Amino acid sequence: MAQLRSVRVRFAPSPTGELHIGGARTALFNYLFARAQKGTFILRIDDTDLERSRPEYTEGLLNSMRWLSLDWDEGPYFQSRRLEEYNREAARLLEEKKAYHCYCTPEELAAGREQARKAGKPYLYPGTCRNLSREKARAHLAAGRSAVIRLRTPDHGETVVRDLIRGEIRFNNSDLDDFIIIKSNGLPTYNFASVVDDTQMQITDVIRAEEHLSNTPRQQLCIEALGYEQPRYAHVPMILAPDRSKLSKRHGAISVEEFRSRGYLPEALINYIALLGWSPGEEEIVPLSKMVSLFSLDRVSKTAAIYDTTKLTWMNGYYLREAPLDRIATEALPFFEARGLLKAPLEKEEEDYFKKVIATVRDRVKTLVELAEASTYFYQEISSYDPKGVEKHFCKEGSADLLRRAAELLRNVEPFDLDTVETAYRDLSKELGVSTGRLIHSTRLAISGRTMGPGLFEIIILLGRDKTVSRLEKAALWIEEL
RNA sequence: GGCCCCUUCGUCUAAUCGGUGAGGACACCAGCCUUUCAAGCUGGCAGCAGGGGUUCAAAUCCCCUAGGGGUCACCA
């Protein structure tokens with residue numbers, strides 16, 4: 001079908017918490033759709049819930065979006081600054097008798113619901129105030145009752161939602177009641193505010209989580225009453241927690257900020273969440289720019305996905321290994337600072353060394369937290385030796401001597417470079433009549449405190465002659481004191 | 001409970017008008033490589049929720065059952 005209007009989509013979070021991966025993925029899909037269609041991506045903050053909305057959450061939301069490089073073209077718009085729009089539209093509906101004031105108290109409504117529950121019947125607002133006489137209304141007002149505004153919805157017929165992902169979904173209007181569009185505090189409800197904004201902002205495609213599917217007929221009814229054109233809808237599957245329940249804070253790391261602080265790279269997180277509900281085709285490692293050219297809604301699945309950080313972690317390791325060194329250095333620095341290994345800003349020399357350390361260590365870690373952890377011995381003296389390693393490599397006869405001979409060798413070897421040191425080391429092991437492995441393993445433990453890590457000779461060269469020699473001697477002494 | 005959506009390896013998914021030994025990725029296991037740990041390479045394990053139809057032929061279409069999820073607020 002020919003595209004008449006250029007595409008306009010929006011991501012409309014409510015600032016009641018940090019951006020979590022479900023929201024991030026909805027934002028991503030909107031972003032991809034907009035970019036793929038050369039359309040406009042709008043950010044709107046749905047902050048009509050006075051109780052729960054916090055400005056600091058808005059700030060966090062924006063930060064997370066920026067960090068993920070989900071840049072938007074318009075906004076952020078704030079619903080709280082558009083209240084006159086909702087009131088104007090509501091007034092028009094009132095005028096046209098498509099909406100009406102309702103004076104029922106929350107207590108009365110709750111009582112009705114309770115009664116329905118007891119009777120095992122579904123509760124629908126009974127329409128008490130639907131055709132209230134002027135006198136009755138005045139009486140309620142005089143009695144100090146406050147009013148809400150409800151939409152007058154059809155009792156018969158059906159409302160059909162045409163969903164780009166799920167096809168036609170039919171709802172009986174008789175199952176829908178006259179729901180509230182303006183609360184007694186004068187603020188619009190979600191279903192109404194959302195619709196007024198979407199129409200006024202000329203949103204062409206509403207792409208959002210499946211949890212909104214059931215609300216869609218209500219919104220379509222609003223749009224119909226307002227006399228506007230319906231947007232297209234696409235409800236993307238939910239992301240569920242590992243226990244199959246709806247994502248919430250109790251499920252551990254689910255906010256973008258948390259992933260960030262746990263040492264995940266934005267490109268890895270983006271790539272991973274894209275795969276939750278969307279399939280790029282053959283290759284799963286897809287950078288954001290590539291995603292744009294590959295993205296289409298008909299490759300979005302209908303099935304809810306359970307998120308599982310195992311694959312994300314693998315992917316993070318991949319990006320950690322493959323990304324340009326400078327980029328990793330930038331991302332890693334805060335983690336090195338947090339461990340007290342470095343303090344920004346770095347001197348030129350410090351920075352060069354830092355990059356060398358990262359280059360040798362990054363191949364075997366999966367997160368930036370691990371990267372910093374695995375780099376400590378390049379910055380700090382050895383405070384303890386791995387106990388299992390001690391048992392294996394330090395407790396054998398002659399271990400201390402072995403290390404002393406190694407120290408002696410390294411003190412004198414020229415030039416102090418990878419090949420020369422390695423050759424000398426192999427020669428030494430022959431001369432001493434021990435396996436090369438034995439010599440290597442005990443050296444590694446002595447200079448890094450660990451049994452695993454980068455190639456030994458890389459560590460030695462990077463650490464430098466002086467530190468290596470002194471650590472070997474220190475270890476020899478330590479063994480003798482055992 | 002009413003309404004709505006969904007159901008392919010443990011997890012993410014492919015198989016887009018019915019014809020495949022049901023493909024890939026992560027994880028797991030084994031082997032190779034190797035100074036350790038990773039990485040990499042090779043191989044392996046593992047799935048169409050169940051039951052009925054329709055059809056020469058069903059993961060794919062229809063119905064039922066079961067399971068999961070969502071929603072029914074003066075939350076969004």
Side-chain angles (χ1 to χ4, degrees), chain A residues 12-16 46-49 51-53 79 102 104-106 109-110 113 116-117 119-124 146-150 161 163 165-166 169-172 175-177 179-191 193-194 209-218 235 237-238 240 242 244-246 272 275-285 298-299 301-315 317-318 321 363-366 374 389 392-393 422 425-426 429 435-441 443-445 448 450-457:
Chain A
S14 62
T16 55
D46 283 8
D47 56 351
T48 54
D49 183 350
E51 309 283 307
R52 298 194 300 150
S53 293
Q79 291 193 321
C102 167
C104 298
T105 62
L109 297 172
R113 264 193 287 275
R117 197 190 59 78
K121 295 250 172 71
Y123 174 80
L124 293 176
S146 52
V148 300
I149 301 175
R150 289 181 186 271
V161 176
D163 190 275
I165 293 169
R166 285 152 215 282
I169 303 149
R170 320 182 88 85
F171 296 86
N172 282 317
D175 291 332
L176 270 27
D177 61 5
F179 53 93
I180 296 172
I181 57 175
I182 301 284
K183 302 181 257 186
S184 60
N185 63 4
L187 294 178
T189 56
Y190 164 74
N191 281 323
S194 175
E210 192 191 341
E211 60 183 312
H212 295 288
L213 185 54
S214 302
N215 276 319
T216 309
R218 283 179 241 285
H235 288 93
M238 311 265 309
L240 266 24
R244 302 202 62 88
S245 70
K246 198 171 166 180
Y272 174 72
L275 262 28
L276 256 31
W278 174 70
S279 170
E282 66 273 20
E283 186 53 61
E284 290 196 326
I285 298 280
D298 50 45
R299 289 198 74 83
S301 81
K302 298 177 187 161
T303 327
I306 298 169
Y307 99 98
D308 165 33
T309 50
T310 315
K311 191 165 182 173
L312 166 63
T313 303
W314 162 78
M315 198 169 262
Y318 176 88
R321 255 175 279 130
D363 283 2
R364 30 190 54 86
V365 298
K366 295 192 188 316
K392 250 175 124 176
H393 309 302
E422 177 162 359
Y425 236 69
R426 291 189 187 282
S429 69
S435 73
T436 313
R438 166 118 200 258
L439 187 56
I440 284 173
H441 293 144
T443 301
R444 180 196 310 284
L445 186 61
S448 76
R450 310 177 190 212
T451 58
M452 32 163 268
L456 179 71
F457 305 109

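Convention: sequence-line order gives letters A, B, ...; per-chain numbering from 1. Model, not experiment: these values are computed from the prediction.
With hydrogens and angles ignored, a donor-acceptor pair under 3.5 angstrom links the side chain of A:Ser184 to the base of B:C74. Between the side chain of A:Arg364 and the base of B:C37, a donor-acceptor pair under 3.5 Å is found. No hydrogens or angles were tested; on distance alone, a donor-acceptor pair under 3.5 Å links the side chain of A:Arg444 to the base of B:U35. Remark: the A:Glu211 side chain and the B:G69 base include no donor-acceptor N/O pair separated by less than 3.5 Å.
Checking the phosphate oxygens (OP1, OP2) of B:U36, no side-chain nitrogen or oxygen of A:Thr451 falls inside 4.0 Å. Contact between the side-chain N/O atoms of A:Lys392 and the OP1/OP2 oxygens of B:U35 is not found at any separation under 4.0 Å.
When the P atom of B:C4 is taken as reference, atom CZ of A:Phe171 falls 7 Å away, rounded to whole Å.
Comparing the C1' positions of B:G47 and B:U60 gives an interatomic distance of 16 Å, to the nearest angstrom. As rounded to the nearest Å, B:G21 and B:G31 have P atoms that lie 33 Å from one another.
Residue-level contact check: A:Arg438 touches neither bases nor backbone, having no heavy atom under 4.0 Å from any strand.
Candidate nucleotides B:U36, B:C12, B:U16 were compared by shortest atom distance to the side chain of A:Arg299, and B:U16 ranks first.
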Listing time: all N or O pairs from protein to nucleotides 66-68 of chain B that are below 3.5 Å?
{"unit_1": "B:G68", "atom_1": "O2'", "unit_2": "A:Arg244", "atom_2": "NE", "d": "2.9"}
{"unit_1": "B:G68", "atom_1": "O2'", "unit_2": "A:Arg244", "atom_2": "NH2", "d": "3.1"}

